[in-house]
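What follows is one structure encoded as structure tokens, with my remarks underneath.
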2 protein chains.
Amino acid sequence: MSNLTTRELIVETADQLFYQQGFEHTSFSHIAGAISISRGNFYHHFKTKDEILDAVIRLRLAKTQKMLDQWEAEGKHPRERIQSFIQILVMNKKDIKRYGCPVGTLCSELAKLNHGSLVDANALLTLFRTWLRKQFVLLGREADADQLAMHVLAFSQGVATLANAFKDEKFIKNEVNQMLDWLKRCEENMSSSESASAPELTGER
Amino acid sequence: MSNLTTRELIVETADQLFYQQGFEHTSFSHIAGAISISRGNFYHHFKTKDEILDAVIRLRLAKTQKMLDQWEAEGKHPRERIQSFIQILVMNKKDIKRYGCPVGTLCSELAKLNHGSLVDANALLTLFRTWLRKQFVLLGREADADQLAMHVLAFSQGVATLANAFKDEKFIKNEVNQMLDWLKRCEENMSSSESASAPELTGER
DNA sequence: TCAAAAATAGGACGAGCATCCTAATATGTC
DNA sequence: GACATATTAGGATGCTCGTCCTATTTTTGA
């Protein structure tokens, strides 16, 4: 953390504070104070609060993309990759319990603020969505890949919201296990009654 | 709306604005302006912003309780009652698309603000949770009733979050249909592989 | 080495905020 | 009809916010 540009330090700190306290509730002074920098210096790097938000979103996009790329580079089975995504919830359960999902809560807040950057924040969700869709296609679920991707995404959002509200880590593990079972069945009997409104199909590839 | 006390008018308006704009982003002036009342008058009814929040939460609790009571009084099958809950998403899809879930987004915001009223807002979620649990017990799923209740709750939260972020109403209908199918299966083969980590059991009642 | 540029500090600004206060008006009660 | 009480109005206060500005220091490059 010490070999960072001041600008990078600002963005990293803003990233954390936006996550922990929300975008609106985090002020210039908060960020400046957290890294012992004057507000004047601050303004030299970012003219408006929205500029910081943009930078934070771009940082998150880059980090997320890198993570997804790594998962693909490891040469694992698509099912294992989706499992990796689901396991994020368990890995970050402590933060999720305290602050919820970084992506979901940001999107919710920006939606309420009617903030223009909501579309940018959405790109984060879309990144996951597209990536998950690709994995489901590789699993032979071309026809309903996007639906399944959205289902997994919705699952993670719902679990994060409740774990945060109820301050319950065990619930995360519980739901994750159910989801992993669902994923297994998803692959086993692809033309079964699972994922109900999905069109019939027998694993093409 | 016209036969309401000023106090009730304030709470109703605050309820809407908190939902649409968020708690923090909604000021005294917003609420006062929305009903053409002076801030001074306002202060006569509520001394602090937190008092309004409490009143809003109490209002929501009352409304929710009333709705749940009605569903139970209609003498329907427990499955139909759970269906009613799931259908809320479709009924309110327009608002959910614009503002997300009223309960979930409030809890998320209060969690970020580290606000003491989070526990009160949680009572709303707990109301649904307890009610759903009861319905699942009536369905003969005593052993994992709470788990199923939380699952339904998480589902609705996830769908609301994504519908809000992606501004997508169709997604709501889609997921709701899947959920209704899941519920059907939930009842049909209670000891099957569905709801995976649930302990084995054969419909006691 | 020395001027140009980048970085930092810290104060000033107008606006909006929650809160508080006092004065005017309405309402109900004896 | 008069008086206590409830309600309304609107201004005052002190604070924090995002933003902006001007000095000072540090770094850079020829």
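None of the values given here were measured: they were computed from a predicted structure. Chain naming here is simple, since letters A, B, ... match the order of the sequence lines and numbering starts at 1 in each.
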Residues at least two apart in sequence or cross-chain that pass salt bridge (charged side-chain N to carboxylate O under 4.0 Å, His left out) with B:K134, listed by chain then number, are B:E72

Of all nucleotides in DNA chain C with an atom under 4.0 Å from a non-hydrogen atom of chain B, which is the first and which the last going 5' to 3'? C:dC17 to C:dC20

Is B:K66 paired with B:D69 through a side-chain N to carboxylate O contact shorter than 4.0 Å? no

Give B:T26 one of three labels, base, sugar-phosphate or nothing, depending on what nucleic acid heavy atoms sit under 4.0 Å from its own. sugar-phosphate

I need the CZ-P distance between B:R7 and D:dT8, as an integer number of Å. 13 Å

Quick check on contacts: within residues 40-53 of chain A, what sits under 4.0 Å from DNA chain C by heavy-atom distance? A:G40, A:N41, A:H44, A:H45

Is A:K49 paired with A:E24 through a side-chain N to carboxylate O contact shorter than 4.0 Å? no

Under 3.5 Å, which donor-acceptor pairs link side chains of residues 86-106 of chain A to any protein atom two or more places apart or in another chain?
unit_1 : atom_1 : unit_2 : atom_2 : d
A:K97  : NZ     : A:E169 : OE2    : 3.3
A:T105 : OG1    : A:C101 : O      : 2.6
A:T105 : OG1    : B:K112 : NZ     : 3.1

Options D:dC17, D:dT8, D:dT19, nucleotide nearest the side-chain atoms of B:T6: D:dT8

Would you say the side-chain atoms of A:Q70 pair up with the backbone N or O of A:M67, donor to acceptor, closer than 3.5 Å? no

Hits for salt bridge (charged side-chain N to carboxylate O under 4.0 Å, His left out) against A:K167, two or more places apart or cross-chain, chain-then-number order -> none

Can you list everything that forms a salt bridge (charged side-chain N to carboxylate O under 4.0 Å, His left out) with A:D146? Sequence neighbours excluded, please. A:R129, A:R133

Is the distance from the ring center of A:F166 to that of A:F171 below 6.0 Å? no

